[in-house]
Asker: 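Take this structure, written in structure tokens, and hold onto it; I'll ask about it next.
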Amino acid sequence: MKNKKSATLEDAVGRIQDGATILVGGFGQPGVPEVLIDGVCDLGRRNLTIVTNNAGTGHSGIARLIEEGCVGKLICSFPWAKESFVFKELYDAGKIDLEIVPQGTLSERIRAGGAGLGGFLTPTALGTDLAEGKPIIESDGREWVLEKALRGDFALIKAYKTDPRGNLIYHLTARNFNPVMAMAADFTIAEVQEDVAIDELDPEVIVTPGVFVDTYFVTGWYEIGKERKAS
Amino acid sequence: MKNKKSATLEDAVGRIQDGATILVGGFGQPGVPEVLIDGVCDLGRRNLTIVTNNAGTGHSGIARLIEEGCVGKLICSFPWAKESFVFKELYDAGKIDLEIVPQGTLSERIRAGGAGLGGFLTPTALGTDLAEGKPIIESDGREWVLEKALRGDFALIKAYKTDPRGNLIYHLTARNFNPVMAMAADFTIAEVQEDVAIDELDPEVIVTPGVFVDTYFVTGWYEIGKERKAS
Amino acid sequence: MSEQNTNLLTRLQIAARAAQDMEDGWLVNLGIGMPTMIPAYIPKDRDVMFHSENGLIGMGPQPAEGEADQDLISAGKELVTMVSGGAIVHHADSFAVARGGRLDCACLGAFQVVANGDLCNWRLPNQKSGSVGGAMDIAAGSKRVFAMMTHTDRDGGAKIVSERTFPLTAMGVVTRIFTDMAVISITADGLVLDEVAPGLTKDEVQAVTDAPLIMDNVGEIAVAA
Amino acid sequence: MSEQNTNLLTRLQIAARAAQDMEDGWLVNLGIGMPTMIPAYIPKDRDVMFHSENGLIGMGPQPAEGEADQDLISAGKELVTMVSGGAIVHHADSFAVARGGRLDCACLGAFQVVANGDLCNWRLPNQKSGSVGGAMDIAAGSKRVFAMMTHTDRDGGAKIVSERTFPLTAMGVVTRIFTDMAVISITADGLVLDEVAPGLTKDEVQAVTDAPLIMDNVGEIAVAA
């Protein structure tokens with residue numbers, strides 16, 4: 001049986017190239033794969049499109065990636081939090097593009113991508129600015145916004161435990177976007193707190209089957225949201 | 001805290017009326033809520049629309065419901081199995097309508113209903129008989145079939161364990177359609193093998209949150225697919 | 001007027017009044033700000049569960065000192081706890097709850113509410129962009145939307161209006177409005193003034209409401225001592 | 001011809017040949033019938049996982065006597081087991097695997113395969129209705145579709161054709177065909193005859209194939225003793 005473990009951080013993220021679209025898990029700070037993001041920072045890639053809920057906190061995680069000039073476009077639901085000052089500075093300077101997507105629509109667009117669908121009809125945003133330019137479809141006597149599926153070249157996700165096949169379980173609200181993002185990328189990279197032997201995870205409680213995970217990197221537990229230096 | 005337990009089978013299913021659309025879990029025999037179906041049989045309702053994967057096996061479960069003349073229409077993916085002879089007889093006699101839906105589309109239509117969506121774009125069935133009459137939408141340079149969401153007035157599902165709030169876990173491939181059907185009905189009724197005290201189910205492993213379950217009835221373990229008499 | 005009026009309810013009093021409308025057995029989503037003050041005021045004999053759109057069903061209060069888990073937060077990104085019988089789901093399933101009709105009520109802050117139920121709470125007219133978060137999904141999907149806000153803006157202008165002037169969050173969704181002056185229901189017949197704050201008159205409320213109020217049967221908001 | 005020809009492969013031999021194409025690390029879905037015979041023939045040094053659309057990832061062989069669980073079945077409704085490192089998902093997630101690009105291969109029976117890759121396997125032309133099951137979803141979503149069938153119908157008629165005459169299951173999806181006479185790849189250039197069964201000639205295969213075969217480099221199917 002193939003073990004999907006990456007021995008080094010560079011092994012895990014090294015195939016990411018300039019211009020890639022990357023789904024990045026997390027809501028607030030829980031579930032953000034900070035170590036993988038640091039690994040991408042270290043690669044020095046440019047013009048990445050990042051799909052994630054928030055625009056980064058302080059100087060770590062997504063904020064570091066933005067600050068180091070790696071990101072050409074951000075697709076998110078909540079860009080203007082006070083802790084996302086790094087993003088705001090680059091946005092105001094015209095150095096980064098932004099697409100705002102309602103949070104439920106964002107997670108559903110990603111799930112649709114993961115499920116091989118082209119899009120879906122949603123009541124969300126009907127009649128609002130955020131539906132501008134999107135097709136409006138009538139069905140069952142109601143109007144719906146047609147939203148397109150969204151996939152990544154890569155997904156960077158954070159999980160609690162994995163087995164050698166990449167079967168994942170998560171921890172509390174650090175689950176958030178991670179399971180749907182794992183489904184929706186051509187190449188899914190997980191950072192996990194701990195890896196366990198095959199058969200240690202009950203097949204009934206696995207949230208992300210290993211078929212969605214291409215490689216994983218073991219980080220151990222760490223305090224989230226701490227600023228780390230480039231490694 | 002409200003306990004969602006129904007003391008009797010009739011309490012669990014009694015509000016189902018003639019003409020209702022009912023989602024019924026199960027794939028093959030695992031996961032079919034046979035006890036609840038027997039309860040519906042005993043009510044003697046007519047003209048039900050049943051949404052379920054198979055057209056019944058032998059004389060039990062869905063087959064019994066069909067045989068007793070309760071079903072006006074069946075929406076399923078696999079009607080013509082040899083074990084579904086009861087359905088075939090009534091269908092050939094013109095006594096029951098049939099809508100065939102590809103299995104992945106069926107489960108996704110139900111999930112869309114549960115997720116408050118109006119429909120979705122799928123590659124499944126494009127160009128086939130089963131896409132006839134359905135809108136074809138072009139998006140991202142491909143053609144997709146627009147499939148509508150499907151909801152039930154009721155869902156009858158089978159689970160392994162519940163707590164008083166109706167948080168459910170399932171057993172092996174008896175999970176199948178049950179979690180998505182639980183989401184997609186105005187009133188969801190679960191039969192469960194066993195009920196446990198609050199806090200006995202780990203919140204991380206719950207498959208169906210209790211918010212989707214309106215009531216449950218405890219059956220104990222039973223051998224599936226056995227013919228039972230009307231109670 | 002609103003700057004001087006001493007009969008206006010405090011934010012906590014608005015939350016306390018809204019809490020009385022939370023029915024036994026409900027699943028409720030709370031927006032940031034005033035709505036997060038509701039749980040403390042829910043009558044003890046009612047079992048109300050809170051949904052946090054980041055996948056937490058059964059959100060509890062803030063953790064006691066030393067008992068926080070860095071991975072357990074609310075949608076407002078505060079550290080929280082979980083109640084007995086809660087569950088964790090992923091984001092797409094969490095919004096399935098919200099859009100799929102299983103959310104009995106969403107209590108949301110608002111910039112403007114229109115007499116037809118339109119909710120405006122995600123972006124100011126002079127802002128080019130806003131942080132929409134889950135507001136549009138939750139407002140569009142919840143069975144009921146309760147808007148909570150000051151009755152007027154800082155300049156005393158009406159926030160309850162006949163014609164929308166703010167960017168829309170969701171069409172025709174608001175069912176009840178809780179302000180520092182009144183409780184107003186949005187019905188098929190129009191806006192119904194249900195209750196006014198102690199010391200205020202119906203006409204004082206109408207004067208700062210830019211839409212006609214039906215005032216046939218108006219009570220007084222019960223304010224705890 | 002097919003009725004008398006003693007050089008035709010048996011169903012097990014077709015399955016054994018198809019098994020050689022299952023690559024290490026693949027996730028594979030098996031249709032009912034001949035495809036279910038594949039697992040026994042997969043080379044031991046390859047790790048191939050099987051997906052059963054009823055939510056079972058990591059399907060194992062039939063259970064030993066007395067070890068069956070009534071709740072653990074295949075899509076073909078046979079009692080099965082689970083391998084180490086498997087997982088259970090619900091139906092919608094299971095089809096997300098199938099349509100979402102994570103199924104490396106689907107091995108499916110077929111009534112007719114068209115030179116353009118069209119697959120026909122769910123309903124006969126004279127039937128008013130059929131049991132589609134998951135065939136359309138899996139065929140449309142899998143990275144590769146391997147069709148497994150007898151080369152001709154009972155009357156000796158070609159089942160590999162230039163023009164489709166059977167009801168369609170999925171357009172342009174078949175990548176390889178395994179029959180009792182040959183292994184044929186569907187490429188941008190057309191049908192390529194890769195291998196013929198021992199004792200058969202290229203021309204014998206072409207004679208019962210209603211579409212031109214590219215026969216530049218034809219090997220012989222290795223049949224186990």
Side-chain angles (χ1 to χ4, degrees), chain B residues 25 27-31 53-55 57 76-81 83-84 91 98 100-112 114-115 122-131 143 145 158 160 170-183 207-208 221-225, chain D residues 32 52-57 59 68-82 86-101 118-120 122-123 125 127-142 164 166-173:
Chain B
F27 176 94
Q29 296 188 319
N53 190 65
N54 301 94
T57 299
C76 76
S77 87
F78 209 88
W80 308 118
E83 65 269 22
S84 302
Y91 180 83
L98 172 65
I100 299 174
V101 182
Q103 196 176 129
T105 296
L106 183 62
S107 54
E108 192 65 24
R109 286 180 63 190
I110 296 164
R111 183 194 172 277
T122 181
T124 299
L126 186 67
T128 75
D129 303 351
L130 296 186
E143 288 189 328
V145 181
K158 180 177 181 176
Y160 175 36
Y170 299 88
H171 189 230
L172 296 170
T173 59
R175 185 182 306 198
N176 58 63
F177 282 88
N178 287 298
V180 287
M181 288 181 168
M183 297 167 69
V207 176
T208 295
W221 185 91
Y222 61 85
E223 186 180 338
I224 60 181
Chain D
I32 55 175
S52 186
E53 59 264 34
N54 54 324
L56 176 54
I57 299 171
M59 180 173 63
D69 188 307
Q70 65 175 1
D71 282 338
L72 189 54
I73 67 169
S74 68
K77 292 160 198 148
E78 304 288 337
L79 290 165
V80 293
T81 52
M82 224 175 147
I88 301 284
V89 296
H90 65 50
H91 240 82
D93 279 351
S94 182
F95 278 93
V97 172
R99 277 188 318 257
D118 284 0
L119 173 70
C120 304
W122 84 279
R123 181 168 74 76
Q127 290 174 321
K128 276 173 55 186
S129 176
S131 285
V132 68
M136 287 187 182
D137 311 277
I138 292 164
S142 184
R164 184 169 60 80
F166 273 54
L168 180 69
T169 300
M171 293 193 291
V173 297

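Per chain, numbering begins at 1; letters A, B, ... match sequence-line order. The structure displayed is predicted, hence computed values, not measured ones.
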Asker: Calculate, to the nearest 0.5 Å, the distance between atoms CG and OG belonging to D:D137 and B:S107 respectively.
Answerer: 7.0 Å
Asker: Could you tell me which non-hydrogen atom of B:G28 sits nearest to which non-hydrogen atom of D:I73, and how far apart they are?
Answerer: CA-CD1, 4.5 Å
Asker: Between D:S131 (side chain) and B:W80 (backbone), is there a donor-acceptor pair under 3.5 Å?
Answerer: yes
Asker: Nearest 0.5 angstrom please: D:S129 OG to B:I100 CD1, how far?
Answerer: 3.0 Å
Asker: Which bit of B:L106 is near chain D, if near means a heavy-atom gap under 4.5 Å: side chain, backbone, both or neither?
Answerer: neither
Asker: Can you find a heavy atom in the side chain of B:T124 that is under 4.5 Å from one in the side chain of D:I138?
Answerer: no
Asker: Just so I understand: if I count every heavy-atom pair under 4.5 Å between each of D:I88, D:L168, D:D69, D:D71 and chain B, which residue has the most?
Answerer: D:D71
Asker: Which answer fits D:A98, side chain, backbone, both or neither, if we ask what part of it has an atom under 4.5 Å from a heavy atom of chain B?
Answerer: neither
Asker: Please report the interatomic distance CZ(B:F27) to NE2(D:H90), rounded to the nearest 0.5 Å.
Answerer: 15.5 Å
Asker: Find the one option among D:C120, D:G130, D:A140 whose heavy-atom pairs under 4.5 Å with chain B are most numerous.
Answerer: D:G130
Asker: Say you draw a straight line from CE of D:M136 to OG of B:S77; how long is it, rounded to the nearest 0.5 Å?
Answerer: 11.0 Å
Asker: In terms of heavy-atom proximity below 4.5 Å to chain D, should B:A55 be classed as side chain, backbone, both, or neither?
Answerer: neither
Asker: For D:D118, is it the side chain, the backbone, both, or neither that has a heavy atom closer than 4.5 Å to a heavy atom of chain B?
Answerer: neither
Asker: Between B:N54 and D:K77, which heavy-atom pair has the shortest distance, and what is it?
Answerer: ND2-NZ, 2.7 Å
Asker: Considering only heavy atoms from C-beta outward, does the side chain of B:E108 approach that of D:F95 to under 4.5 Å?
Answerer: no
Asker: Measure the NE2-CG distance between D:H91 and B:N53 for me, rounded to the nearest 0.5 Å.
Answerer: 5.5 Å
Asker: Using modelled atom types and a 3.5 Å cut-off, is there a donor and acceptor pairing between side-chain atoms of D:Q70 and backbone atoms of B:Y222?
Answerer: yes
Asker: So does D:G55 get a backbone contact from the side chain of B:N176, meaning a donor-acceptor N/O pair under 3.5 Å?
Answerer: no
Asker: Please evaluate residues D:M171 and B:L126 with respect to the criterion side-chain contact (heavy atoms from CB on, under 4.5 Å), reporting the C-alpha separation (whole Å), side-chain torsions for both, the decisive distance (0.1 Å), and the verdict.
Answerer: CA-CA 7 Å; D:M171 293 193 291; B:L126 186 67; 3.5 Å; yes
Asker: Which distance, rounded to the nearest 0.5 Å, do you find between the CZ of B:F177 and the CG of D:N54?
Answerer: 9.5 Å
Asker: At a heavy-atom separation under 4.5 Å, does B:V207 approach chain D through its side chain, its backbone, both, or neither?
Answerer: neither
Asker: Please check if the number of heavy atoms outside D:I32 that lie under 6.0 Å from its CD1 is greater than 12.
Answerer: no
Asker: Please check if the side chain of B:T128 supplies one atom and the backbone of D:T169 the other of a donor-acceptor pair under 3.5 Å.
Answerer: no
Asker: For chain D, find which of B:V180, B:L130, B:T122 contributes the most heavy-atom pairs closer than 4.5 angstrom.
Answerer: B:L130
Asker: Quick one: list whatever passes salt bridge (Lys or Arg N to Asp or Glu O under 4.0 Å) with B:D129, sequence neighbours left out.
Answerer: D:R123
Asker: Identify the heavy atoms of D:L72 and B:T173 that sit nearest to each other, and give their distance.
Answerer: CA-OG1, 3.4 Å
Asker: Measuring heavy-atom distances to chain B, does D:V89 have an atom under 4.5 Å in its side chain, in its backbone, in both, or in neither?
Answerer: backbone
Asker: Relative to chain B, which segment of D:S52 carries a heavy atom at a distance below 4.5 Å: side chain, backbone, both, or neither?
Answerer: neither
